[in-house]
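Every value quoted in this text rests on a predicted model; they were computed, and no experiment measured them.
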Amino acid sequence: MSGAPSRVFVARLAGLPVFDPVGDRVGRVRDVVVLPRAARRPRAVGLVVEVPGKRRIFVPMTRVTSMDTGQVITTGVLNVRRFEQREAEVLVITDLFDREVVLGGAAARAVRGADVDGPVEGSVEDVALEQTRSRDWEVARLFVRESPRGGRKKGLRRKGSTALIDVHDAAGLFGTPQEQGAALLAASLEEMKPADIADLLHDMPLKRRVELAAELDDERLADVVQELPDDDQVQVLSALGRERAADVLEAMEPDDAADLLNELSEEAAEQLLGLMEPDDARDVRRLLAYEEDTAGGLMTTEPVVMGPEATVAQALATLRRPEVPYTLAAAVFVVRPPTETPTGRLLGVVHLQRLLREPPHEAIGGLLDTEIEPLAPDTPLAVVTRRLATYDLVSLPVADPQGRLLGAVTVDDVLDHLLPDDWREVDEESVEARQELATVTGQLRAVEPGAPRPRPAGRRARG
């Protein structure tokens, strides 16, 4: 690696683009894999790189030709098989950032001064890799911060002294982990989408999942939990404690919160509902009253609802709000006051494209699409799916027999119920392989003796 720096900090590597020798982008660095070694510095054996399709692969350090502050360059053909952490391997960002360690000797004096008379507790904030004469990369230094005396309190900014120390001067870096925070890991995930964080969380041990969940705020954790498989949702929620679990449920979309509570026992679900804010709990209870595979069970009770006197400018400003999901930002449901579900009578729907074509001062009551027939709450999933597909819609209103708007069913709600239960756990590579196998199998069966020949695409059969 001529020209490459001899020391690289892992926090600066995280998120860097990875390129192949001809300059094509491969993906982004997500972590560094190291192997602890007795009486020797841990050796960095490779990078975890996220490639298109949200799949994470392993790139050996022997394939890395350059690492600097702006990019990582690799050589040769990469194995695109999904990365799976082996028992002896340690991930620097996931496992070591925020690790509580005990500093002795020179390290203790570096963070507290020359008059220190014993070991000092600290936490790892960064890890420095250094290249040896043999061209290997090793964990050489740790950037540590002294832990506040009396223990670190959640939500308080750390003010302890910092120092760059030798890796051998920190006890407890490997082996049986102590209680370990995840503040730095959470910070490194700030720019990731909730679905990608959920994928990462799914691959973690339960203990580490709980640690990371504790560091995420309620809204961020709610977005992530909604993307997890059902079993993982229940595990994370159960480990949070009832008060925090209720706060996270309040931050979730009502339909997702109802789906999650359906996975719990009636007693546990009722306890959590009792701890939620009355308004949030009322919306979730409404959804729990419907069968899961009906429009009532699928719908969200919080679509974008406005009165007919609202202007185009007001409607667009509402749809621009970052908390409005993409699928709900495609339309405004117009009702007679009051505009809170389930009380206002539905007048019609105004689609986003129509709003973009009209002057800002125009009242949306004159722009209604009144041809969309609302769904009854007991409409089965199959009918909902056909209605969305037939009219190329992203969402459909749900109304009671009196025409009062109850909520809206969106296409993502339908997909969640149509896909297999384990769809989040199957990576795209295996799905593509299965589709290819199914195609080949179908072609082979079609040419078996006595089987009808496949008809060329686009050619009509003879009468």
Do other residues, nucleotides or ligands put more than 12 heavy atoms under 6.0 Å from the [atom1] atom of [X]?
X	atom1	value
Glu250	CD	yes
Arg336	CZ	no
Glu373	CD	no
Gln402	CD	yes
Glu263	CD	yes
Glu291	CD	no

Option among Arg82, Lys193, Arg55 that satisfies the salt bridge (charged side-chain N to carboxylate O under 4.0 Å, His left out) test with Asp199: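 Looking at Arg82, Lys193, Arg55, the match for Asp199 under the salt bridge (charged side-chain N to carboxylate O under 4.0 Å, His left out) is Arg82.
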Determine whether a donor-acceptor pair (N or O, by modelled atom type, separation under 3.5 Å) exists between the side chain of [X] and the backbone of [Y].
X	Y	answer
Arg99	Asp95	yes
Asp126	Phe143	no
Glu89	Arg86	yes

Restricting to non-hydrogen atoms, name the atom on [X] and the atom on [Y] that form the minimum distance, rounded to 0.1 Å.
X	Y	value
His417	Asp293	CD2-OD1, 3.5 Å
Gly307	Thr339	N-CG2, 3.7 Å
Glu100	Ser123	OE2-CB, 3.8 Å
Ala213	Arg244	O-NH1, 3.4 Å
Val45	Phe58	O-CZ, 3.4 Å
Ala246	Leu275	CB-CB, 3.7 Å

Supply the atom-to-atom distance [X] [atom1] to [Y] [atom2], rounded to the nearest 0.5 angstrom.
X	Y	atom1	atom2	result
Asp247	Leu272	CG	CG	10.5 Å
Arg386	Leu381	CZ	CG	10.0 Å
Asp223	Ile197	CG	CD1	9.0 Å
Asp259	Gln226	CG	CD	9.5 Å
Glu340	Leu405	CD	CG	11.0 Å
Leu396	Arg387	CG	CZ	6.5 Å

Is the shortest heavy-atom distance from the side chain of [X] to the side chain of [Y] under 4.5 Å?
X	Y	value
Leu264	Leu261	yes
Leu96	Val10	no
Leu406	Thr341	no
Leu47	Thr74	no
Ile372	His351	yes
His361	Thr311	no
Thr301	Val284	no
Asp31	Val33	no

Given Asp280 and Leu249, is the side-chain contact (heavy atoms from CB on, under 4.5 Å) satisfied, shown in steps? CA-CA 9 Å; Asp280 295 315; Leu249 285 168; over 6 Å; no
For Arg209 and Asp232, what are the C-alpha separation, side-chain angles and deciding distance, and is it a salt bridge (charged side-chain N to carboxylate O under 4.0 Å, His left out)? CA-CA 9 Å; Arg209 287 183 196 172; Asp232 290 348; 3.0 Å; yes
Which donor-acceptor pairs under 3.5 Å do the side chains of residues 21-29 make with protein atoms, sequence neighbours left out?
unit_1, atom_1, unit_2, atom_2, d
Arg28, NH1, Gly15, O, 2.2

Determine, step by step, whether Arg282 and Asp279 satisfy the salt bridge (charged side-chain N to carboxylate O under 4.0 Å, His left out) criterion, reporting the C-alpha distance in whole Å, the side-chain angles of both residues, the deciding distance to 0.1 Å, and the verdict. CA-CA 5 Å; Arg282 184 181 64 247; Asp279 289 347; 3.0 Å; yes
What's the verdict on side-chain contact (heavy atoms from CB on, under 4.5 Å) for Val32 and Val127, showing C-alpha distance, side-chain angles and the deciding distance? CA-CA 10 Å; Val32 177; Val127 172; over 6 Å; no
Please lay out, stage by stage, how Arg56 and Glu84 fare under the test salt bridge (charged side-chain N to carboxylate O under 4.0 Å, His left out). CA-CA 9 Å; Arg56 297 188 175 213; Glu84 293 184 5; over 6 Å; no
Can you list the steps and then say if Leu319 with Leu355 is a side-chain contact (heavy atoms from CB on, under 4.5 Å)? CA-CA 10 Å; Leu319 296 178; Leu355 291 171; 3.8 Å; yes
Assess the side chains of Asp256 and Gln233: does a donor N or O sit below 3.5 Å from an acceptor N or O?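 Short answer, no.
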Indicate whether any N or O donor in one side chain lies under 3.5 Å from an N or O acceptor in the other, for Glu125 and Thr162.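 Absent: no donor and acceptor within the cut-off.
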Start with the C-alpha distance between Asp378 and Tyr290, add both sets of side-chain angles, then the distance that settles side-chain contact (heavy atoms from CB on, under 4.5 Å), and finish with yes or no. CA-CA 7 Å; Asp378 59 354; Tyr290 300 111; over 6 Å; no
Does Asp283 have any salt bridge (charged side-chain N to carboxylate O under 4.0 Å, His left out) partners at least two apart in sequence or in another chain, and if so, which?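 Here the qualifying residues are Arg286.
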Option among Asp413, Val409, Thr294 that satisfies the side-chain contact (heavy atoms from CB on, under 4.5 Å) test with Val384: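 That would be Val409; it is the only one of Asp413, Val409, Thr294 passing the side-chain contact (heavy atoms from CB on, under 4.5 Å) with Val384.
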